[in-house]
Novice: 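Quick one: the structure is below, and I'll ask about it shortly.
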Number of protein chains: 2
Amino acid sequence: MQWSIQEIARLTGVTSRTLRHYDAVGLLPAARTTASGPRRYDRTALVRLQRILLLRDLGLGLGDIAEVLDTDQGEAEALRTHLVSLRAEQDRLARQIASVERTVAALEKDPDTKEDIMAKDMFDGFDHTQYEQEVTERWGRDAYQKSDAWWRGLGEQGQQQWKARLETLIKAWTDAAEAGLDPASDEAQAIAARHAEWLVAVPGTPGHEQGRPDRGYLLGLADMYVADERFAANYGGTEGATFVRDVLRVYADQVY
Amino acid sequence: MQWSIQEIARLTGVTSRTLRHYDAVGLLPAARTTASGPRRYDRTALVRLQRILLLRDLGLGLGDIAEVLDTDQGEAEALRTHLVSLRAEQDRLARQIASVERTVAALEKDPDTKEDIMAKDMFDGFDHTQYEQEVTERWGRDAYQKSDAWWRGLGEQGQQQWKARLETLIKAWTDAAEAGLDPASDEAQAIAARHAEWLVAVPGTPGHEQGRPDRGYLLGLADMYVADERFAANYGGTEGATFVRDVLRVYADQVY
DNA sequence: GTAGAGGTTGACGCCGCGTCAACTTCAACC
DNA sequence: GGTTGAAGTTGACGCGGCGTCAACCTCTAC
C-alpha cells in the first residue's frame, strides 16, 4: 500500500510543501521509484510522519524530532528537557507582560513628576547603560525587577526620603560645578562618594552585593549623564553633567 | 557632541552590528559626514536609540517600533495592542505545556492499555486526520481540550462504559467483515450509523454540535483506519479496516 | 614599514516552511 | 493530432533580527 504526496497531505493535514521540506532535510525521506520521479510514501513513512507531527505540535524543533526518532533515546526524556525551556519561555513572557503593563500605567500618569527623574536615572540606567560587553552578561534583566520591588516596598515615606536625598545630591553637584571646583579636589570626590553610595543602596544595582557600584556600570552611567540630555538636565545641563562625569572618572580611577 | 559607532555601542550595550542593521533598515539613520565614511551619531540619535531599545525590550518588532516613533501615534496605544498578542502567546504556551505534561505522563504509564486504543482512535484523530484543507480551519486545537475535559469528567464508571461500547462496536465490525457482508447492506450500514453516533457523542468532535460527524472528518478517519496500522489493528488488520472504510464511505454518500 | 585598532560593505546562516516561478508528465477530451 | 488540466518536480526568495565571517580601507603609533 502506497500513497502519493497529495494523499499523504490530505490524510495528515499538512501541505505537500511541508512533506517535500521534510524530505529535503532528511526528516522524512520518501521512497521514490525512480531518481527524480514523483514521491511515494508507504505505511512506515506514514507512521513516522504521525510521530513527527505529534512532537511538532508539542513544540519540538525538527532537529530535535529527528534526534528522538533516529537515535533510540527515550521520548519522555526529550519531552522533559523540552518542558524546561518551555517553562523558561513562560517565565520570560510573564515578566515581559508585567513590564509592559507597568510601562503602560506609567505612560498614562503625569509624565513630569519627580519620580520620573528618578526612574530615568535609576531604572533606565540599569537597562541600557553598559560600559563593557562582558559586564552586560553580569547584570541581567532582573535588575529592574529587584529595584522596582524595592522601590514599591519603600512606601510613601521612604520614597519621599529617597527623593529628598536625590535632590540634596543634585544640589551639591550643581553648586560644585558652578563654583568651578577641580574634579580631583577632595570636596568634589566627596560628592562622588556620596553619589556612589546613593546608587549602590538600591538592590539590583550592579555591585549592590559588594557595597560599591560596579566600575563599568559607574563609568557607563557617567558617560550617559553627558550623552543623554534628559539625564544632563538633572545635573544642570551638558556643562554640569560633564563636570559630574569628570569627577566620577577620577573617583573610579582612585577607588578601584 | 558626536560619537562613533563603538562609543554608542558601549554607551547603550548593543553591538555595532546592530547599529549598522538599524541604519540599513532605516530605523536609526546615522549622520554621515561623507557618503561612505564612518558613521557618526548625535544626541538626537542617542535618544532615539534609547527609546528603540526600551520598546524592543518590551517585545515590539522593529517595524512596530519604527511606526511608533515616526508617526505621532500614542505609545501607550501601541503597547496595549502589543499586550493582546503577548497574552495570546502566553495562553498558547500554557496549553502547550499542559499538553506536553499530559504526554509525558501518558508515556510513563503502561503504553498498551485499552485506554490507549481510545486515545489513538479519538484524540489523535482530532489532531492529524484531516480530509480537506478547509476543514482544518474549522476544528482547531481546542477540540482536544474539550474532548479531554469531557473524558476526565466521565469518571471511572463512565470511562468503563465507554470502553465497553467501543469493544461492542469493534466486535460488530470484525464479525461483519468475516461474514463477508456487502458494504451497502443494511446490516453493515447499521453498524456505520452506530459508529457515527459513537464518534459524535464526544464534545469537540467535528460535527458534535450538529449531531452527526463532519463528512470530511468521517471520511478522513475512515482512510486513516486503513492507512495507519495501529488503527487497523483495532479493526482486525488491514482487511478488516478496509471493510470498515468502505462501509463508512457508502454511509457518507447516503447520509450527506 | 608595519602592526593594530576601528571602520566599511557584502553575504551567508538560522527556522520552518509559504509562495511564486518555470517546467514536465500523464490522462482525458475534442 | 492538439489542447487542457491536474499533479508532480526543482529552485529560489522571503520572513526577523541580527551573529558571524570575509575582504578591504584608513588612521595612528612605534
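By convention in this document, chain letters (A, B, ...) are assigned in the order of the sequence lines, proteins followed by strands, and residues within each chain are numbered from 1. Below, all heavy atoms of this structure are taken into account, side chains as well, without hydrogens, waters or symmetry copies. In this text, all values refer to a predicted model and were calculated from it rather than measured experimentally.
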Novice: Expressed as a whole number of angstroms, how long is the span from A:Ile5:CD1 to C:dC17:P?
Specialist: 14 Å
Novice: Residues in salt bridge (Lys or Arg N to Asp or Glu O under 4.0 Å) with A:Arg20, at least two apart?
Specialist: none
Novice: Among residues at least two apart in sequence or on other chains, which ones pass side-chain contact (heavy atoms from CB on, under 4.5 Å) with B:Glu239?
Specialist: none
Novice: Please identify each residue that fulfils salt bridge (Lys or Arg N to Asp or Glu O under 4.0 Å) with B:Glu77, with sequence neighbours left out.
Specialist: none
Novice: Of all residues at least two apart in sequence or in a different chain, which pass the side-chain contact (heavy atoms from CB on, under 4.5 Å) check with A:Ser85?
Specialist: A:His82
Novice: Whether the side chain of B:Thr18 engages the backbone of B:Val14 through a donor-acceptor N/O pair (distance < 3.5 Å, no angle test) should be reported.
Specialist: no
Novice: Which residues satisfy the side-chain contact (heavy atoms from CB on, under 4.5 Å) test with B:Thr81, sequence neighbours excluded?
Specialist: none
Novice: Donor-acceptor check, side chain of A:Gln96 to backbone of B:Asp57, threshold 3.5 angstrom: yes or no?
Specialist: yes
Novice: For A:Arg17, check side chain to side chain donor-acceptor pair (under 3.5 Å) against everything at least two apart and list the hits.
Specialist: none
Novice: Summarise how protein sits on nucleotides 16-23 of chain D as a single string, 5' to 3': B when a protein heavy atom is under 4.0 Å from the base, S for sugar-phosphate-only contact, - for no contact.
Specialist: -SBBB---
Novice: Quick one: B:Asp23 CG to C:dT9 P, roughly how many Å, whole number?
Specialist: 8 Å
Novice: Could you state the atom-to-atom distance from CD of A:Glu7 to P of D:dA6 in whole Å?
Specialist: 17 Å
Novice: Got a sec, which residues hit salt bridge (Lys or Arg N to Asp or Glu O under 4.0 Å) with A:Glu89, two or more places apart in sequence or on another chain?
Specialist: A:Arg92
Novice: Using a 4.0 Å heavy-atom cut-off, does A:Arg39 contact any base of the nucleic acid, only the sugar-phosphate backbone, or nothing at all?
Specialist: sugar-phosphate
Novice: For DNA chain D, what is the dot-bracket line, given that a base pair needs Watson-Crick (N1 to N3, plus N6-O4 or O6-N4) or G-U wobble (N1-O2 and O6-N3) geometry with both distances under 3.5 Å, and | means paired with another strand?
Specialist: ||||||||||||||||||||||||||||||
Novice: With sequence neighbours excluded, tell me which residues meet side-chain contact (heavy atoms from CB on, under 4.5 Å) with A:Asp70.
Specialist: A:Arg48, A:Ala66
Novice: Specify the residues of residues 84-94 of chain A, ordered by number, for which at least one heavy atom lies under 4.0 angstrom from an atom of DNA chain D.
Specialist: none
Novice: What pairs with A:Asp246 under salt bridge (Lys or Arg N to Asp or Glu O under 4.0 Å), at least two apart in sequence or on another chain?
Specialist: none
Novice: Whole-Å distance between C:dC17 P and A:Leu49 CG?
Specialist: 11 Å
Novice: Without decimals, in angstroms, what is the distance between A:Arg20 CZ and C:dA21 P?
Specialist: 16 Å
